[in-house]
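Down below is the structure, laid out as structure tokens.
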Amino acid sequence: MNKDLPVRPANIANIVAINQGKRPHHIEDPVPTPLSLSGFQQHIAQDTLILDARTQDAFGGGHIPGSYNVQLNSSEFEQRVAWILPADVPIALVLERDSDAERALRALAFVGLEQRVRGHLAGGIDAWQHAEIPLTTVPQESVEAVASSLAAGQCRVLDVREREEWDAGHISGAVQCSFKQLEGTLAELPLDPAEPLAVVCAGGFRSSTACSILLRHGFEDLRNTTGGMDAWIAASLPTAS
């Protein structure tokens, strides 16, 4: 009976409580907490989730294994975080710059997540690299390269846009699943974690988020499609509807 109802964000309880005035909405003067490398590692050893808020290019170039990627420069940053992060789990941030911490906390306050943030890695990903701790990468691949691999049968495509976007035009043979539902429905999708997979959205933001989720579930041969379907269409590559 409820199957046709829209999927709700994992953090819906926080959002509803804020809207009803039952939970304080802290957006004034957030106080960032810089974490040393050892402090950051202690938090993640205690099941704190890593939210990497850097751009998809920076995330793809090297990130801490297990990180979720949602770009702070997206106008939907806080909404996307609320959709994908499990409820009631502490968060540690990785940012482009330490000065981004206040902005991130202000945004997360709108969906009731700022109090779950334990801090941010002081010095960002450079601090991790300087300690010579391994990073995970995600290749950023052009639409032409994805089209070539697809035509040669060398990869599959996962489209993580919403269904209405898919219906308006998509890559023939692609599998569709909104990034919002990916973590909960991944086991039902006809995808093999060992198979090469190109992930696409409209412009490359949501697909990077989806790649970060897939990596957490054992997918290793991934590539984020740069420019997404906007670039695919601009390149006059074929679409189905």
Residues at least two apart in sequence or cross-chain that pass side-chain contact (heavy atoms from CB on, under 4.5 Å) with Ser178, listed by chain then number, are Glu162, Lys180, Gln181
For [X] and [Y], work out which heavy atoms get closest and say how close.
X      : Y      : value
Arg116 : Pro86  : NH2-O, 2.8 Å
Asp98  : Gly124 : OD1-N, 4.0 Å
Leu95  : Ala53  : CD2-CB, 3.9 Å
Leu105 : Glu114 : O-CB, 3.6 Å
Ala210 : Val199 : CB-CG1, 3.9 Å
Thr137 : Gly61  : CG2-O, 3.5 Å

dist Ser149:OG -> Arg223:CZ (nearest 0.5 Å) comes out at 5.5 Å
A side-chain contact here means heavy atoms from C-beta on lying under 4.5 Å apart; do [X] and [Y] qualify?
X      : Y      : result
Glu183 : Trp83  : no
Arg156 : Val175 : yes
Gln140 : Gln56  : yes
Cys177 : Thr185 : yes
Leu214 : Leu197 : yes
Gln176 : Arg163 : yes
Leu158 : Leu191 : yes
Leu37  : Ile133 : yes

Worksheet item: Do Asp47 and Val89 pass the side-chain contact (heavy atoms from CB on, under 4.5 Å) test, and can you show the C-alpha distance, the side-chain angles, and the key distance before you say yes or no?
Response: CA-CA 8 Å; Asp47 297 325; Val89 180; 5.7 Å; no
Apply side-chain contact (heavy atoms from CB on, under 4.5 Å) to the pair Phe40 and Val94, showing each step before the final yes or no. CA-CA 10 Å; Phe40 187 87; Val94 175; 3.8 Å; yes
So side-chain hydrogen bond (donor to acceptor under 3.5 Å, both in side chains) across residues 207-216, not counting sequence neighbours, yields Tyr68-Arg216, Asn69-Ser208, Ser207-Asn224
Residue pairs meeting side-chain hydrogen bond (donor to acceptor under 3.5 Å, both in side chains), one or both in residues 232-241, sequence neighbours left out, come to none
Taken in chain and number order and not counting sequence neighbours, the residues that satisfy ring pair (Phe, Tyr, Trp, His ring centres under 6.0 Å) with His63 are Phe59
Applying ring pair (Phe, Tyr, Trp, His ring centres under 6.0 Å) to His170 and not counting sequence neighbours gives Trp166
- Query: Is the number of heavy atoms from other residues, nucleotides or ligands within 6.0 Å of CD (Glu195) greater than 12?
  - Reply: yes
task: Please test Glu165 against Met229 for side-chain contact (heavy atoms from CB on, under 4.5 Å), starting from the C-alpha separation and ending with a verdict.
output: CA-CA 10 Å; Glu165 295 175 278; Met229 287 302 296; over 6 Å; no
Using 4.0 Å as the upper bound for N to carboxylate O, is an ion pair formed by Arg103 and Glu96?
no
*asked:* Between Ile50 and Leu121, does the side-chain contact (heavy atoms from CB on, under 4.5 Å) criterion hold? Intermediate values first, please.
replied: CA-CA 10 Å; Ile50 305 170; Leu121 177 59; over 6 Å; no
Glu76 meets the salt bridge (charged side-chain N to carboxylate O under 4.0 Å, His left out) criterion, sequence neighbours left out, with Arg80
